[in-house]
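First the structure, in the form of structure tokens, and then the observations on it.
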Amino acid sequence: MKAGIVGLPNVGKSTLFNCLSNAKAQSANFPFCTIEPNIGVVNVPDPRLEKLESLVNPERVVPATVEIVDIAGLVKGASKGEGLGNQFLGNIRETDAILHVLRCFDNDNVVHVDGSVDPIRDKETIDMELQLKDLESVEKKLDKVKRAARTGNKEAQKEEAVLIQLKEGLEAGQSVRAIMVSDEDKIEFVKPLQLITDKPVMYVCNVDEAAAVEGNAYVDKVKEAVKNENAEVIFLAVGTEADINELESYDERQMFLEDLGLTEPGAAKLIRGAYKLLDLETYFTAGVKEVRAWTIPVGATAPQAAGVIHTDFEKGFIRAEVIAYDDYVQFGSESKVKEAGKMRVEGKEYIIKDGDVMHFRFNV
């Protein structure tokens, strides 16, 4: 599962990517610096993992990860191939969620592609390009479906009605995620189209150091503008985060954060947000060899969760031994949890709860 960082040129996307991944994507004060998308595999900060490590004292600890893709800056006309438009839009299509970076700081030394700072205008520029690209996809599909609908095919007629609804919404400047389509129609007709504006989105307001703790007027405008979008808005001082990243020791980084009035880097908040945006959750395995966080989609069954470790675990699944995270912490060890009768045995129908500590029994 991948989250793609998008935005206009020069809003801080590559600097943010560097903060998240510690991969040094080139970042410079001019557009089109990032052409090939940079991909970083980012650890998901999780205090529960640290707690389990302190209780189990394993040989190694493996956190959950999420893939972040740094996509080059879009410009007006991208949907018609302006700039490097087609390539960028193709890269966005391949991601599962969008982290939309908006410039929310004033600095005369950092050029803005449109000459002034206005995050709402910037958001609308990107939205329009993505909507135009989706409109093109919907119209192509509609042309095919109409022919089948004219023959009296009931399924095609149903699909045609949904596509017309999407077309009208996009023409009115709505993103697909904001168009009211029934869940059934969404699964059957909308999801297979892989429309860009159907992807979940988080708006990342890039502020200056002075606004790192409480945000600023630009952030307030963004929150107001997206209040009907069912989208999360976070803010972080990307340039400051980059400075923190350059410090050698953990203690130095913590002191810098405390001086700013922050308890953790904003990047940690963003990574957890991206994980949630992708509809992912975590279960743990905990033993002396390894304490590990495993990534699963929300709603995964016990056999599906076992399959993340190895496909044989899913095929030969017998049962799962489950300890709730809070019980593990309360009693302090697996043996004490068992003594207290708090370990459960679950079968194939069990839906994993975020934070479950699991053992799988299987037979191949």
Side-chain angles (χ1 to χ4, degrees), residues 4-21 24-34 38 68 70-78 82-83 88 98-130 201-227 229 231-247 253 256-271 273-274:
I5 300 176
V6 306
L8 289 176
N10 260 16
V11 294
K13 297 183 307 302
S14 293
T15 309
L16 174 62
F17 176 81
N18 291 341
C19 289
L20 296 178
S21 67
K24 298 297 176 190
Q26 187 189 6
S27 72
N29 187 15
F30 56 88
F32 302 133
C33 181
T34 311
N38 295 291
I68 305 285
D70 176 26
I71 296 164
L74 278 168
V75 292
K76 271 183 194 149
E82 289 296 321
F88 298 170
I98 293 172
L99 306 175
H100 186 159
V101 182
L102 295 167
R103 176 170 166 180
C104 293
F105 66 90
D106 295 304
N107 184 337
D108 294 339
N109 296 322
V110 181
V111 297
H112 189 291
V113 72
D114 285 329
S116 62
V117 178
D118 184 344
I120 308 307
R121 177 200 61 209
D122 296 355
K123 173 195 172 307
E124 287 167 356
T125 297
I126 298 266
D127 283 351
M128 189 168 73
E129 295 306 326
L130 301 183
V201 65
M202 178 196 290
Y203 293 98
V204 182
C205 298
N206 181 10
V207 299
D208 56 21
E209 190 173 306
V213 178
E214 294 186 356
N216 58 23
Y218 290 132
V219 175
D220 295 340
K221 282 181 183 172
V222 172
K223 285 179 177 173
E224 179 62 26
V226 307
K227 66 184 180 190
E229 276 192 44
E232 193 174 346
V233 178
I234 70 165
F235 58 88
L236 65 160
V238 175
T240 306
E241 298 268 334
D243 292 341
I244 293 170
N245 253 18
E246 295 299 321
L247 298 172
R253 290 195 289 272
F256 196 142
L257 285 169
E258 282 167 23
D259 286 347
L260 289 173
L262 297 169
T263 53
E264 66 172 357
K269 188 168 59 172
L270 188 146
I271 294 162

Apply side-chain contact (heavy atoms from CB on, under 4.5 Å) to residues Leu260 and Glu209 and explain how you reach the verdict.
CA-CA 8 Å; Leu260 289 173; Glu209 190 173 306; 3.4 Å; yes
Applying side-chain contact (heavy atoms from CB on, under 4.5 Å) to Leu102 and Val204, what does each step give before you reach the verdict?
CA-CA 6 Å; Leu102 295 167; Val204 182; over 6 Å; no
Apply the test side-chain contact (heavy atoms from CB on, under 4.5 Å) to residues Leu99 and Met202: give CA-CA distance (whole Å), side-chain angles for both, the deciding distance (0.1 Å), then the verdict.
CA-CA 5 Å; Leu99 306 175; Met202 178 196 290; 4.1 Å; yes
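The structure places CG of Leu262 at 9.0 Å from OG1 of Thr240, a figure rounded to the nearest 0.5 Å. From Leu8, atom CG reaches atom CG of Asp122 across 4.5 Å, with rounding to the nearest 0.5 Å. The line from CG of Leu16 to CD1 of Ile5 is 4.5 Å long, rounded to the nearest 0.5 Å. Atom CG of residue Asp243 and atom SG of residue Cys19 lie 8.5 Å apart, to the nearest 0.5 angstrom. Distance check: Arg253 CZ to Glu246 CD gives 10.5 Å after rounding to the nearest 0.5 Å. Here the CD-OG1 distance, from Glu258 to Thr263, works out to 9.5 Å after rounding to the nearest 0.5 Å.
Partners of Glu224 by side-chain hydrogen bond (donor to acceptor under 3.5 Å, both in side chains), not counting sequence neighbours, listed by chain and number: Lys227. Residues satisfying the side-chain hydrogen bond (donor to acceptor under 3.5 Å, both in side chains) test with Asp208, not counting sequence neighbours, are none.
The two residues Asp106 and Tyr218 come nearest to each other via the heavy atoms OD1-OH, 2.8 Å. When all heavy atoms are compared, the tightest approach of Cys205 to Val219 is CB-CG2, 3.8 Å. The two atoms that bring Asn216 and Ala211 nearest to each other are ND2-CB, 3.8 Å, heavy atoms only. Looking at every heavy atom in both residues, Val222 comes nearest to Cys104 through CG2-SG, 4.3 Å. For His100 against Lys123, the heavy-atom pair with the smallest separation is CE1-CA, 3.9 Å. The two residues Lys13 and Pro9 have their closest heavy-atom pair at NZ-CA, 3.9 Å.
Of the possible donor and acceptor atoms, one in the side chain of Glu241 sits under 3.5 Å from a partner among the backbone N and O of Ala267.
In this structure, Phe105 and Asn206 have side chains that are in contact, with non-hydrogen atoms separated by less than 4.5 Å.
A side-chain contact (heavy atoms from CB on, under 4.5 Å) with Val201 is found for exactly one of Ile98, Asp127, Val6, Leu130, namely Ile98.
Under a cutoff of 6.0 Å and an axis angle of 45°, Lys269 and Phe235 form a cation-pi pair.
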